[in-house]
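A quick write-up on the structure given underneath.
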Amino acid sequence: MKTLTGIGLYSPKQAEKLTGIDSKTIRRWLLSESDRQKPLWKPEPSALGASEAISFRDLLEVQAVSALRKHKVSLQAIRAALINLREKYSDDYPLTNPRLSTDGRAIFLNTLKESGDECMSDVITLQHVMSEVMQPSILGMIHFNENEIPEWWQPDPSDENIRVDPKIGFGKPHVLPSRMPTRTLAQAYEAENGNAKLVARQFEITEDEVIRAANFETRTAVGANIH
């Protein structure tokens, strides 16, 4: 039986801190259900009994939705795209795809023709198109494996040593190379009045890791625009 281990686990507030997406918006898109509006999809932890949480894949997918909305793609178009892509590719998280792009109105996917040539298809009409497109920025911060499945995410564009990996610490941010949770180090740094050398000695890591972790937590805590 599948457990919550290894999928990442975030409350709406934790997700807001990491993504910059308002927790009320996350709830409206994923956790609220009414006769008027259904969730865009059922978050992965809900099937495992965690009804007020989202997973790493949910966290990335909701960022893809947010990025498309910033490009002026309507929520109605996003809903239609989700339905079509799930049916066609049997993928629960089709918007987190390195081949996805948009022109601000429609959503496109680069696919291969039978000839082996690449082509761009509108994911709603499924018609091949030629258009000026852009890729949602979130996709550039995700590391995909050879099967195009997200493995980890770099939440801060300015620091490649901060990562979020669902297999490490329930998906909470950590700093490389030690993989220590950024929050743990930031709390220790504060408790020691900013003495990075002392904290580094306590955890047997470098001072640089302590400072990077503390800076990251400070930026997200005050709502800095790292997204």
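In this text, all values refer to a predicted model and were calculated from it rather than measured experimentally.
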As an exercise, state the distance from [atom1] of [X] to [atom2] of [Y], rounded to the nearest 0.5 Å.
X	Y	atom1	atom2	result
N195	E207	CG	CD	8.0 Å
I149	E146	CD1	CD	9.5 Å
L40	I26	CG	CD1	12.0 Å
Q135	S101	CD	OG	7.5 Å
Q14	T220	CD	OG1	11.5 Å
L139	L95	CG	CG	9.0 Å

Could you check whether atom [atom1] of [X] has more than 12 heavy atoms from other residues, nucleotides or ligands sitting under 6.0 Å from it?
X	atom1	result
K167	NZ	yes
R179	CZ	no
R79	CZ	yes

Begin from the C-alpha positions of V199 and R201 and carry the test side chain to side chain contact (heavy atoms under 4.5 Å, CB included) through to its verdict.
CA-CA 5 Å; V199 176; R201 189 183 307 129; over 6 Å; no
No-hydrogen, no-angle side-chain donor-acceptor test under 3.5 Å, [X] and [Y]:
X	Y	answer
D208	T206	no
T182	E217	yes
T218	N215	no
E192	Q202	yes

Mind running side chain to side chain contact (heavy atoms under 4.5 Å, CB included) on I138 and W153 for me, showing each step along the way?
CA-CA 9 Å; I138 174 62; W153 167 49; 3.3 Å; yes
Any donor-acceptor pair under 3.5 Å linking the side chain of [X] with the backbone of [Y]?
X	Y	result
K172	L9	yes
E61	T96	yes
T19	A15	yes
Y89	N84	no
R69	V73	yes
D165	W152	no
S121	V123	no
R99	N110	yes
T25	I21	no
E148	F144	no

Transitively linked via ILVMFWY side-chain contacts under 4.5 Å: [X] with [Y]?
X	Y	answer
L198	F203	no
V65	I83	no
L31	L18	yes
L75	I107	yes

Step by step, would you call D91 with R86 a side chain to side chain contact (heavy atoms under 4.5 Å, CB included)?
CA-CA 5 Å; D91 186 351; R86 286 175 188 145; 5.9 Å; no
How far apart are the closest heavy atoms of [X] and [Y], and which atoms are they?
X	Y	value
A214	A186	CA-CB, 3.9 Å
I124	A80	CD1-CB, 3.9 Å
I142	P150	CG2-CB, 3.6 Å
S23	P12	CB-O, 3.6 Å
P43	A53	CB-O, 3.7 Å
T102	F108	CA-CD1, 4.1 Å

Using side chain to side chain contact (heavy atoms under 4.5 Å, CB included), reason through M134 and H71 one step at a time and then give a plain yes or no.
CA-CA 9 Å; M134 61 201 88; H71 285 304; 3.1 Å; yes
Mind checking whether Y10 and D58 have side chains closer than 4.5 Å, heavy atoms only?
no
Taking it one step at a time, do K24 and E16 satisfy salt bridge (Lys or Arg N to Asp or Glu O under 4.0 Å)?
CA-CA 9 Å; K24 292 179 181 177; E16 176 183 336; over 6 Å; no
So, are R212 and E209 salt-bridged, with charged N and O less than 4.0 Å apart?
no
Measure the acute angle between the ring planes of W41 and Y93, then classify it against the limits of 30° and 60° as parallel, tilted or perpendicular.
perpendicular
